Chemist: 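This is the structure, below, for whatever I ask next.
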Amino acid sequence: MKRTGMSSVFRKYLLSYVIILMIPVAAGMISYRVSLDVARNGSMETSRMLLDQTRRILDQRMAEVEGFTRQLAIHQDLNRLMGERVAADAGSTYLLWKTSRDIARFAQTNDFLEDFFVYLRNYDAILSAGAVYYRPSHYYELYHYANMPYERWIAEILEQSHQRTVIPLQPFVGARKEMSVISFVQSLPLNSFNHPPGTAVVIIDQKKISRLLENISREYGGWAYVVDRDGRTLAASGIGEEDIGKLTQNSGRTDGPDARYLRDGTLLMTVRSSYNGWTYAAGVPQRAIMEEANVIKKMTWTVTAVTVAAGLALCLLLAYRHTAPILRLISIFRDHSALPPERPVNDYDFLHGNIAKLISSNRSLQEELKHQLPMLRDAFTKRLLRGEFNARGELEAAAAQSGIPLPGRCGYVGLLHLNGYAGMDSTDIFDELHAARVLLRQRMETGAAGGAAGGVPGNGLLATDIDTDKIAFVLLMADEPDERTEREVERWLAGIVGFAAEYRIASAAAMGGAFRTLADVARSFGEARQTLEHAAWAGGAGIWWYRRLAQQTDSYYYPVDAELRLMNAVKAGEAKEAQRLAAELMERNLAERDLSVEMSQQLVAELKGTLFKLLAQEAFRNAEEAEELRRRIVRIQLSDGLDTVRIQLFDAIESCCELVTNRRLQRDSRTIADIRRFLEERYADADLTLYRIAEHVGRPEKYISQLFKERTGENLSDCLERIRLDKAAELLLQSDLTIEEIAFSVGYNSAHSFRRAFKRLRGLSPSAYRSASE
């Protein structure tokens with residue numbers, strides 16, 4: 001490039017940066033106000049995050065406590081004890097002891113439970129973790145609320161009905177130590193109202209809640225507390241109960257996050273739990289806010305002063321750095337331009353012309369792609385119906401490439417059959433069928449003309465020709481189909497069939513079962529084909545639904561396409577998808593069909609056989625894990641129970657997917673190593689391209705480019721350039737070759753491009769690098 005052109009571009013950039021340099025001077029005047037706002041917002045956001053995190057944790061822990069009482073409510077032995085009629089000095093002592101031992105295990109995995117007990121009204125006894133108190137007074141002597149007499153404890157806690165009752169903070173004596181606790185009380189059974197047979201009481205140490213609040217007080221030296229929906233204190237950190245009472249009286253009730261400043265400048269944050277109505281509050285002192293604001297203010301003024309002092313030098317540097325890409329772009333266009341080198345061309349006009357050509361070429365490609373879109377959409381629809389997508393990412397990528405929006409993951413698959421053309425193969429018949437298919441597909445995609453029937457139900461429609469006399473279509477819906485949706489689909493189909501009848505075309509519509517994920521489209525398509533076969537046998541006309549056909553209960557359901565989809569999911573390493581397909585097969589056979597024991601055993605044998613087929617393939621050969629997996633599959637027996645068989649099958653499928661993933665990682669590692677070796681050997685070849693690298697490793701160009709980037713974090717081109725420049729640096733230090741000779745020896749076509757690349761990566765020109773080492 002000419003020096004005049006470079007200086008012109010450089011001057012324009014330099015002038016722009018000098019103007020921008022004036023902005024920090026004006027920005028410094030308002031930096032303090034901005035810093036204060038930033039500090040306030042940061043403090044508010046941080047405290048809100050900590051407060052909301054505390055709320056989520058406590059909601060989860062209280063939900064676990066509630067879940068614990070629900071476990072007690074469904075405990076068989078405990079329900080049996082509550083239902084017994086106990087005479088004086090009678091009852092099952094052994095069952096009391098056994099139940100006490102059983103329920104003790106429930107709380108062992110939850111350190112949030114300080115203590116708990118269950119009161120049985122008919123026995124007038126209390127069961128705790130591993131102990132039985134045959135009189136409530138015996139329990140009260142060891143564990144009781146310090147300010148609650150025995151009679152009040154009996155009347156308010158044990159004999160009243162409770163539904164998720166939370167007793168606020170109370171002093172409590174237990175295990176010869178004093179503490180502050182809150183209590184969760186639930187009557188048993190759960191639907192008890194008057195005189196419940198049992199009462200479960202969970203004791204929660206206030207310190208375990210306060211530990212969560214200490215994070216807030218430690219962060220800013222502030223305070224935090226939790227109150228229930230009636231304003232009673234549940235836990236606090238850094239604040240007294242009297243102050244909490246004043247704050248709760250003056251605060252409004254809100255269901256969302258709230259922030260306000262108190263008279264002393266303290267920032268008060270409150271969050272209300274939608275789970276139990278508790279209010280969480282945190283206070284950030286004003287000094288903490290102002291301290292951070294002052295730091296930001298000082299830093300802002302310092303940065304402003306440094307920026308102004310070094311502004312000119314920075315402008316020069318930025319102007320140079322940002323003009324360099326433009327100059328390189330102009331150089332690239334000049335190297336590939338058809339203009340003669342001696343012809344003077346303005347740099348910007350030159351760029352404008354070449355970029356305009358690129359845009360024009362791009363538009364031509366886009367127009368060509370638009371012509372190809374119908375074929376791409378048709379191919380995508382056929383692949384979707386055949387179940388050829390093994391992963392969700394692959395499916396979404398193919399849909400995006402075909403320009404197909406996927407507004408929903410649920411819906412129906414159907415087949416529209418043009419009756420009366422079987423056995424006819426003349427040219428006129430084919431032309432007539434083609435015209436009929438085009439006419440009906442237009443009708444399906446645009447809805448009914450003149451308002452005779454509704455438009456396409458759901459959120460989208462995909463349609464394709466299957467045979468000369470069949471049209472397959474997929475109705476996509478955002479919500480799961482229900483009876484109302486089915487009626488809408490039937491009305492829409494009736495309009496299509498009626499429209500065909502107006503043109504004297506007899507037709508039948510067959511609908512498969514609803515699918516709830518796009519991976520089940522192939523299954524629904526298979527059901528639609530079965531339904532169409534049944535329709536042809538039964539009469540042919542009308543609308544037919546798969547679910548309305550009589551279910552065959554004398555044999556199991558395991559079609560070939562279902563087995564292929566299961567095997568493809570495993571071979572793709574998609575463990576969740578493969579387990580979902582297996583679960584669907586189990587559900588279709590064991591829940592919807594009344595299979596005999598022999599048929600159930602045969603189904604399990606077929607599923608095991610599918611896994612054995614997978615293990616016999618090349619990807620699993622010569623692997624010790626595969627041999628162990630074979631032995632595990634052999635041990636799967638229906639006699640162990642359906643739940644056990646399901647778990648064992650899922651585990652085996654997951655293990656197969658792990659083997660596939662490990663093999664793929666090993667194969668990718670070998671490919672990366674092979675690429676690195678090839679680059680080390682052939683870096684001096686100036687014609688070394690991505691195509692030649694892909695040809696060497698036997699993989700597609702796009703695949704190796706993406707794989708190398710994902711596994712190494714470096715682009716292939718950057719890696720090749722780094723190797724070339726490392727070799728060039730060695731030659732600069734260890735040889736007397738000229739810059740031009742070194743450039744050609746490491747694979748560059750010109751010394752100019754070599755110098756530019758070397759300085760970009762090393763920070764010095766090749767000659768300066770050589771001189772610095774002497």
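What you see is a predicted model; the values in this text were computed from it and never measured.
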Chemist: Only one of D718, N715, L716 clears side chain to side chain contact (heavy atoms under 4.5 Å, CB included) with K709; which?
Modeler: N715
Chemist: Taking only Lys NZ, Arg NE, NH1 and NH2, and the carboxylate oxygens of Asp or Glu, determine whether R630 and E627 approach each other closer than 4.0 Å.
Modeler: yes
Chemist: Please answer whether the main-chain N or O of A472 pairs with a side-chain N or O of T464 as donor and acceptor at a distance below 3.5 Å.
Modeler: no
Chemist: Any donor and acceptor pair, going by atom type alone, linking the side chain of D674 with main-chain N or O of R670 inside 3.5 Å?
Modeler: no
Chemist: For a quick test of reading the model, state the closest non-hydrogen atom pair linking A463 to D378 and the distance between them.
Modeler: O-OD1, 4.2 Å
Chemist: Please assess L461 against L475 for the test side-chain contact (heavy atoms from CB on, under 4.5 Å), listing each intermediate value before the final yes or no.
Modeler: CA-CA 5 Å; L461 171 72; L475 296 174; 3.5 Å; yes
Chemist: Measure from the side-chain N and O atoms of R711 to the backbone N and O of I672, and report whether any donor-acceptor pair falls under 3.5 Å.
Modeler: no
Chemist: Evaluate side-chain contact (heavy atoms from CB on, under 4.5 Å) for F650 paired with E654, printing each intermediate quantity in order.
Modeler: CA-CA 6 Å; F650 283 7; E654 184 173 6; over 6 Å; no
Chemist: Can you see which heavy atom on A578 is nearest to which on L566, and at what distance?
Modeler: O-CD1, 3.4 Å
Chemist: Between A684 and S745, what is the shortest heavy-atom contact and its length?
Modeler: CB-O, 3.2 Å
Chemist: Quick check against the 3.5 Å criterion: does S771 have a side-chain atom that pairs as donor or acceptor with the backbone of A768?
Modeler: no
Chemist: Could you tell me whether the side chains of R632 and S655 share a donor-acceptor contact shorter than 3.5 Å?
Modeler: yes
Chemist: Flag the pair E628 and R631 as a salt bridge only when some basic side-chain nitrogen lies within less than 4.0 angstrom of an acidic carboxylate oxygen.
Modeler: yes
Chemist: Which heavy atom of L688 sits nearest a heavy atom of R682, and at what distance?
Modeler: CD2-O, 3.4 Å
Chemist: Distance check, rounded to the nearest 0.5 Å: L761 atom CG versus R722 atom CZ?
Modeler: 9.0 Å
Chemist: Can you tell if the side chain of H696 reaches within under 4.5 Å of the side chain of R692, non-hydrogen atoms only?
Modeler: no
Chemist: Heavy atoms, side chains only, cut-off 4.5 Å: are L707 and I675 in contact?
Modeler: no
Chemist: In a check of salt bridge (Lys or Arg N to Asp or Glu O under 4.0 Å) between E721 and each of K727, R760, R756, which one passes?
Modeler: R760
Chemist: Taking everything shown except N662 itself, do over 12 heavy atoms lie less than 6.0 Å from its CG?
Modeler: yes
Chemist: Start with the C-alpha distance between V660 and L614, add both sets of side-chain angles, then the distance that settles side-chain contact (heavy atoms from CB on, under 4.5 Å), and finish with yes or no.
Modeler: CA-CA 10 Å; V660 171; L614 285 167; over 6 Å; no
Chemist: Can you check whether A572's main-chain N or O pairs, donor with acceptor, with R664's side chain at less than 3.5 Å?
Modeler: yes
Chemist: What are the two closest non-hydrogen atoms of A528 and G414, and how far apart are they?
Modeler: CB-CA, 4.3 Å
Chemist: Could you tell me if the side chain of L385 sits less than 4.5 Å from the side chain of I466, heavy atoms only?
Modeler: yes
Chemist: Does a side-chain heavy-atom distance below 4.5 Å link T485 with Y412?
Modeler: yes
Chemist: Supply the atom-to-atom distance I653 CD1 to E574 CD, rounded to the nearest 0.5 angstrom.
Modeler: 13.0 Å
Chemist: Donor-acceptor pair, E527 side chain versus Y546 backbone, under 3.5 Å?
Modeler: no
Chemist: Looking only at atom types and distance, does a side-chain atom of S750 sit under 3.5 Å from a main-chain N or O of S753, one as donor and one as acceptor?
Modeler: yes
Chemist: From D668 CG over to R699 CZ, what is the distance, rounded to the nearest 0.5 angstrom?
Modeler: 7.0 Å
Chemist: Mind listing the side-chain donor-acceptor pairs of residues 728-741 below 3.5 Å, one per line with the distance, residues two or more places apart or on another chain?
Modeler:
residue : atom : partner : partner atom : Å
S735    : OG   : L731    : O            : 2.5
T738    : OG1  : E741    : N            : 3.2
T738    : OG1  : E741    : OE1          : 3.4
E740    : OE2  : R755    : NH2          : 3.2
E741    : OE1  : T738    : N            : 3.0

Chemist: Give me the ring orientation class for F380 and F389: parallel if the planes are under 30° apart, tilted from 30 to 60°, perpendicular past 60°.
Modeler: tilted
Chemist: I want to check something: taking the side chain as every heavy atom from C-beta on, are V570 and T610 in contact at a cut-off of under 4.5 Å?
Modeler: no
Chemist: Given L476 and L518, is the side-chain contact (heavy atoms from CB on, under 4.5 Å) satisfied, shown in steps?
Modeler: CA-CA 9 Å; L476 297 174; L518 292 176; 3.8 Å; yes
Chemist: Which value, rounded to the nearest 0.5 Å, describes the distance between L615 atom CG and L629 atom CG?
Modeler: 5.0 Å
Chemist: Is any side-chain heavy atom of I704 closer than 4.5 Å to a side-chain heavy atom of L690?
Modeler: yes
Chemist: Check A743 against A751 and note the closest heavy-atom contact, atom names and distance.
Modeler: CB-CA, 4.0 Å
Chemist: Got a second to check how far L416's CG is from M511's CE, nearest 0.5 Å?
Modeler: 10.5 Å
Chemist: Other residues, nucleotides and ligands only: do more than 12 of their heavy atoms fall within 6.0 Å of CZ on R437?
Modeler: yes
Chemist: For a 4.5 angstrom cut-off between non-hydrogen side-chain atoms, does R676 reach I723?
Modeler: no
Chemist: Tell me if a side-chain donor or acceptor on R724 pairs with a main-chain N or O of Y683 at a distance below 3.5 Å.
Modeler: yes
Chemist: Less than 4.5 Å apart, any side-chain heavy atom of F678 and any of V697?
Modeler: no
Chemist: Test your reading of the model: is there a side-chain donor-acceptor pair from R565 to the backbone of A519, 3.5 Å cut-off?
Modeler: yes
Chemist: To the nearest 0.5 Å, what is the distance between NZ on K608 and NZ on K613?
Modeler: 14.5 Å
Chemist: Tell me whether K382 contacts the main-chain N or O of D465 through its side chain, where contact means a donor paired with an acceptor under 3.5 Å.
Modeler: yes
